[in-house]
Amino acid sequence: MPLLAGRTVVVSGVGAGLGHRVAAAVVRDGGNAVLGARTEANLARCAADIDPDGTRTAYRAADITDEGQCEALAALARERFGGIDAVVHVAAFDTYFGGLADADFTTWQAVLDVNLLGTLRMTRACLPALRARGGGSVVFIGTQSAVAAPSQVRQAAYAASKGALTSAMYALARELGPDRIRVNTVLPGWMWGPPVQAYVRFTARSEGVAEDVVLGRLTERMALPEPATDGDVADAAVFLASDRARAITGQSLLVNAGELMR
Ligand SMILES: NC(=O)C1=CN([C@@H]2O[C@H](COP(=O)(O)OP(=O)(O)OC[C@H]3O[C@@H](n4cnc5c(N)ncnc54)[C@H](O)[C@@H]3O)[C@@H](O)[C@H]2O)C=CC1
Ligand SMILES: Cc1ncc2c(c1O)C(=O)OC2
């Protein structure tokens with residue numbers, strides 16, 4: 001049987017990068033994907049791409065800083081597909097990098113409001129539906145920067161927001177375990193998708209070096225020759241979302257081509 005046959009998975013933060021890949025993997029593996037993000041045009045494009053017939057996707061604009069919009073996304077899943085089996089939280093404020101000395105704490109608060117509280121808001125909105133199914137799976141997307149000195153600097157707010165999410169996972173795994181709701185985290189490292197591709201292009205151009213040189217610097221610390229792609233991270237997320245992970249909860253899974261191994 002396909003991994004997600006008959007299952008409905010809510011995906012937050014469906015833009016050009018990981019969210020699109022998770023949604024695609026859900027449909028590929030036989031599930032229904034309910035897509036949320038702030039920009040409806042991106043959602044329509046994603047749905048048309050992964051499900052041209054429109055039978056296994058539904059979408060609506062949902063900003064995870066707004067509780068009502070989180071609840072509306074969960075309601076859409078119930079209306080369209082009769083419930084929720086899993087939620088994968090991709091949405092994140094991941095573009096802000098700045099040092100502590102010149103920190104603008106208003107921005108730092110916004111990072112926490114999206115990455116930490118937004119993810120928890122969205123989780124809460126899905127809880128009644130997950131409970132009604134007799135169990136389910138919650139998948140957070142963290143970052144390797146939350147668990148080790150990263151290959152990036154000037155991102156204390158971002159790393160802290162994702163680290164707090166990983167910590168919340170432990171408490172929630174215990175809290176929701178009796179209802180057979182599992183809570184796990186995928187920790188990507190440098191993930192080869194549109195945002196990192198744009199970073200490599202930008203850095204190569206601004207330093208006047210070839211893109212291969214910049215990519216070489218990123219992969220230097222990895223055990224494997226190439227970085228993980230957003231598709232690799234999506235595959236880990238749909239595994240954790242599926243019943244094949246039925247005995248796995250409260251766990252962090254690094255998907256980073258072995259970057260921290262040496
Ligand atoms: N790119 C990388 O190498 C890494 C990415 N990550 C994490 O992976 C996930 C996906 O990242 P990418 O594919 O790189 O970037 P992305 O830009 O595709 O993903 C973030 C998405 O969240 C959306 N979003 C932002 N604020 C939102 C809000 N308030 N409500 C709803 N949606 C909102 C954005 O519009 C975007 O579509 C993020 O959680 C990111 O923190 C973690 C480690 C490395
Ligand atoms: C948003 C983001 N971009 C790039 C990277 C990370 C990240 O969290 C990370 O942990 O390692 C590389």
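Order of listing sets the numbers, starting from 1, for every ligand and every atom in it.
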(request) Could you check if a side-chain atom of Asp66 sits within less than 4.5 angstrom of a side-chain atom of Arg121, using non-hydrogen atoms only? (result) no
(message) Which residue in the set Val27, Asn32, Asp49 passes side chain to side chain contact (heavy atoms under 4.5 Å, CB included) when paired with Thr57?
(response) Val27
(request) Would you check whether Tyr199 reaches within less than 4.0 Å of ligand 2, judged by its heavy atoms? (result) no
(message) Which Ile, Leu, Val, Met, Phe, Trp or Tyr residues join Ile248 in one cluster when any pair of side-chain heavy atoms under 4.5 Å counts as a link?
(response) Leu3, Leu4, Val9, Val11, Val14, Leu18, Val22, Val26, Leu35, Leu43, Tyr59, Val88, Val90, Val139, Ile141, Val186, Met191, Val233, Val238, Phe239, Leu240, Leu253, Val255
(request) Using a strict 4.0 Å threshold on nitrogen-to-oxygen distance, state whether Arg56 and Asp51 make a salt bridge. (result) no
(message) If the criterion is any heavy atom closer than 4.0 Å to an atom of ligand 1, which residues make the list?
(response) Gly13, Gly15, Gly17, Leu18, Arg38, Ala62, Asp63, Ile64, Thr65, Val90, Ala91, Ala92, Asp94, Val114, Ile141, Gly142, Thr143, Tyr158, Lys162, Pro188, Gly189, Trp190, Met191, Pro195, Val196
(message) Any nitrogen or oxygen of Asp94 lying under 3.5 Å from a nitrogen or oxygen in ligand 2? Just yes or no.
(response) no
(request) Could you tell me which atoms of ligand 2, counted from 1 in the order shown, lie closer than 4.0 angstrom to a heavy atom of Ser145? (result) 9 (C), 10 (O)
(request) State which residues pass ring pair (Phe, Tyr, Trp, His ring centres under 6.0 Å) with Phe140; sequence neighbours excluded, sorted by chain then number. (result) His89
(request) Any chance you could measure Gln109, atom CD, to Leu116, atom CG, to the nearest 0.5 Å? (result) 12.0 Å
(message) Checking the N or O distance criterion of under 3.5 Å, is ligand 2 in contact with Tyr158?
(response) yes
(message) Running the 4.5 Å side-chain criterion over Ile, Leu, Val, Met, Phe, Trp and Tyr, what cluster does Met1 land in, apart from itself?
(response) none
(request) Find out whether Ser242 and Arg7 are in side-chain contact, i.e. whether some heavy atom of one side chain is under 4.5 Å from a heavy atom of the other. (result) no
